[in-house]
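Residues take their numbers from the sequence shown, with the count starting at 1. Indexing begins at 1, ligand by ligand and atom by atom, following the structure's order.
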Amino acid sequence: MSDAVQNAPVGRLRRLLTGLGAFLEVLRLVSPMQRFIVVGGLFLSSILELCGMGMIIPLLATASGAREAKGVSLGVEKLFAAVGLPFAAYAILIVVVVGLTLKAVVGILIMKHVTNLVGRISRDFQIRLTKSILEARWGFFISQPLGRLVHATGSEAAAIGECFAIVTTIIAASLTSLLFLTLAALLSWQLLVLIIFITIMMFGSFGRLVKNAREEGKAHRSRMNTHAAQFTDAMIGFKQIRAMGRTDRFALLFERQARMMAKSLKSRVMSGEYAAELQEPVIGILLAFGFFFALHKMALSPTAIMIMSLLLVRTLAVLGPIQRNLTRFYQAFDGYKSLSGLLEQIESHAEETLGTKQPHFERAIKLEGITFGYGQQPVLRNLDLFIPSGKITAISGPSGIGKSTIVDLIVALHQPQSGRVMIDDDELMTLDVRLWRRSVGYVPQEITLFHDTIFNNVALWEEGITADEVEKALKAAGAWDFVTARPDGIMTVVGERGNFLSGGQRQRISIARAILHKPRLLILDEATTGLDPATEAQICERIRDLCRETGLTVMAVSHQPKWREVADLVYRIQDGQARLVSSPQDIAAISEQLAPQELQRA
Ligand SMILES: Nc1ncnc2c1ncn2[C@@H]1O[C@H](COP(=O)(O)OP(=O)(O)OP(=O)(O)O)[C@@H](O)[C@H]1O
Ligand SMILES: [Mg+2]
């Protein structure tokens with residue numbers, strides 16, 4: 001005997017256990033109490049169905065006097081006597097009608113409850129996923145394809161609850177089948193054996209189709225994810241693609257993706273539909289064999305055959321949807337597993353913010369002996385940098401030398417591999433990093449505005465911000481004139497990523513956003529590079545005035561001469577180190593705040 005044949009039952013058993021494990025895993029998405037309510041309710045509903053449909057047997061037995069149904073009808077007769085009902089056709093019919101009505105009522109209540117749970121499961125998963133993305137380590141976050149995250153937090157997360165809904169449908173059908181099986185067993189053991197045999201044959205013959213549907217489901221999901229990631233990337237960088245006439249290649253790529261997705265979707269749906277469509281002939285053939293066997297080997301009376309056919313057909317009518325729902329379940333479960341895998345991965349890369357100290361920034365930020373690199377690529381080597389509070393520090397240096405990296409270290413988006421970042425006397429990692437960041441105003445090198453009004457872009461939807469405060473910030477950022485020139489003023493919608501504004505205007509909106517909250521430290525990473533010299537000079541001077549009036553500390557990464565002019569200290573980054581290039585007079589002016597080693601360097 002070949003290994004494959006020998007291992008087939010083992011493989012089936014393993015699949016069955018894995019399937020059961022999957023069921024339990026999905027059921028664990030709700031609390032034990034909710035599980036009890038749902039399963040208990042479904043059980044009650046099945047009992048009520050049995051009271052309805054099952055009563056047909058004693059009814060027929062009473063009418064025909066078939067001996068095979070005697071046992072069951074005797075039991076029911078006793079039950080009727082116990083509750084004081086006469087064992088007559090009209091009473092049985094009343095029980096049938098009441099049973100079926102109550103079953104419908106319980107069924108509706110349970111489904112309503114399950115629908116609520118489904119919504120809650122999807123909502124909780126979505127919240128957990130979005131929260132984990134917002135709290136992920138920066139280095140991990142920027143390594144993730146954006147479209148994949150968008151797709152995951154949207155439609156994929158919303159579909160999670162579907163697993164639970166399918167499981168409840170399967171449980172409901174299984175419970176009903178079990179009760180009908182019990183009834184069958186009470187009638188005749190041969191009938192029970194027959195039903196079990198037909199069930200095994202039915203599930204066995206569709207195993208391959210379920211497996212196919214599952215594999216096609218996986219392929220389809222993977223293609224959808226690739227498409228979401230690549231399409232989002234293309235849309236973000238679309239202007240350049242469009243302007244250089246390269247849309248054709250992208251159109252081809254997305255057309256190919258659409259074709260592949262349609263193919264896997266078709267295969268996925270077809271595998272499921274095959275199973276559904278083939279079910280009836282398969283059941284029919286099995287039933288025909290069953291009846292033939294019952295007629296010739298079991299010598300039953302015609303009434304008994306009628307009763308048994310009813311029971312058989314009813315049981316199989318319940319088992320059929322189980323088979324169909326199993327295909328749907330596995331596809332939804334695979335989706336759930338892939339998404340919960342992503343969630344676990346993101347959660348395992350949560351930002352470690354162990355520090356709890358309240359940040360105090362009165363004197364200076366000091367970078368001491370910082371070494372940092374991305375992977376194998378070293379960027380900063382034993383770098384020292386001193387940023388005195390209440391002053392403007394300008395940072396210059398060639399492109400790619402590590403200026404933005406220094407900024408990222410100061411706002412704790414990255415941690416140094418050695419050395420430390422000091423805020424006054426405290427190491428940054430011992431501080432409550434969230435609080436520290438809330439005291440920072442930051443204008444990044446790449447500015448993206450939200451597709452919303454200028455007001456919301458500056459206030460970032462924070463409650464309690466007034467139009468007056470936004471106006472002040474816009475004025476300080478040199479943005480007020482062009483904002484008021486628009487018919488809708490601060491209520492002007494800026495378009496997707498701010499595309500209705502010029503580059504320089506976007507920069508000024510972003511500066512207004514950074515200074516609105518009166519930060520202690522303002523970081524400007526090439527924040528004025530898109531501006532004409534006059535506007536830039538105006539902003540530099542306004543920010544210098546802010547420094548003098550409010551004690552604001554400014555760190556300006558820039559190549560522009562104007563920043564060097566207004567700065568109290570100027571550093572040049574070279575070979576992974578910071579060199580102070582300020583004039584001796586400037587250094588003397590702030591020498592009280594300078595650390596001795598910095599003075600030596602100067
Ligand atoms: N996430 C990253 N992973 C790998 N390498 C990175 C990453 N971010 C930056 N780098 C590399 O680190 C070096 C420093 O980058 P950084 O952005 O700090 O330069 P920069 O001085 O700000 O340059 P620019 O003036 O062009 O903005 C560059 O060589 C860059 O390619
Ligand atoms: Mg940079």
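Not a single N or O atom of His559, backbone or side chain, sits closer than 3.5 Å to an N or O atom of ligand 1. An N or O contact shorter than 3.5 Å is missing between Ile142 and ligand 1 by distance.
To the nearest 0.5 Å, atoms CD1 (Ile401) and CG (Asp575) are separated by 6.0 Å. The distance from atom NE2 of His220 to atom CD of Gln331, rounded to the nearest 0.5 Å, is 9.5 Å.
By the 30° and 60° cut-offs, the orientation of the rings of Phe254 relative to Phe250 is tilted. Taking the six-membered ring where the residue is Trp, Phe329 and Phe333 present parallel rings, their angle staying beneath 30° rather than reaching 60°.
Considering only non-hydrogen atoms, atom 6 (C) of ligand 1 lies nearest to Tyr374 out of Tyr374, Trp138, Phe372.
Scanning the protein for heavy atoms near atom 29 (O) of ligand 1, the closest one is Gln377 NE2, 3.2 Å. Here the protein heavy atom with the shortest distance to atom 25 (O) of ligand 1 is Lys403 NZ, 2.7 Å. Atom 17 (O) of ligand 1 has Ser404 CB, 3.6 Å as its closest protein atom, hydrogens excluded (heavy atom only). The protein heavy atom nearest to atom 27 (O) of ligand 1 is Gln445 NE2, 2.7 Å. Ranking protein heavy atoms by distance to atom 23 (O) of ligand 1, first place goes to Gly400 N, 2.7 Å. Atom 16 (P) of ligand 1 has as its closest protein heavy atom Thr405 OG1, 3.6 Å. In this structure, the protein non-hydrogen atom closest to atom 26 (O) of ligand 1 is Ser399 OG, 2.7 Å.
Close contacts between ligand 1 and Val379 involve ligand atoms 12 (O), 13 (C), 14 (C) [criterion: under 4.0 Å to a heavy atom].
Distance check on atom 14 (C) of ligand 1: some protein heavy atom falls below the 4.0 Å cut-off.
Ligand 1 does not have Gly397 within reach: every non-hydrogen atom of the residue lies 4.0 Å or more from it.
The minimum heavy-atom distance between Ala364 and Phe361, with the atom names listed, is C-CE1, 3.6 Å.
Within 6.0 Å of atom CZ in Arg123, more than 12 heavy atoms from other residues, nucleotides or ligands are found, so the atom counts as buried in its surroundings. Other residues, nucleotides and ligands contribute over 12 non-hydrogen atoms within 6.0 Å of the CE atom of Met261.
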Verdict with reasoning, Glu215 to Lys218, per salt bridge (Lys or Arg N to Asp or Glu O under 4.0 Å): CA-CA 5 Å; Glu215 275 161 14; Lys218 274 187 188 163; over 6 Å; no

Test side-chain hydrogen bond (donor to acceptor under 3.5 Å, both in side chains) on Ser348 and Gln345; report intermediate values, then the result. CA-CA 5 Å; Ser348 71; Gln345 193 196 6; over 6 Å; no

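Checking Glu347 against Ser132 by side-chain atom types alone, no donor-acceptor pair falls below 3.5 Å.
Among the atoms of Ser399, no N, O or S atom is found under 2.8 Å from the Mg ion (ligand 2). Using a cut-off of 2.8 Å, one finds that Ser404 contributes an N/O/S atom close to the Mg ion (ligand 2).
When heavy-atom distances to ligand 1 are checked against a 4.0 Å cut-off, Ile401 comes that close through both its backbone and its side chain.
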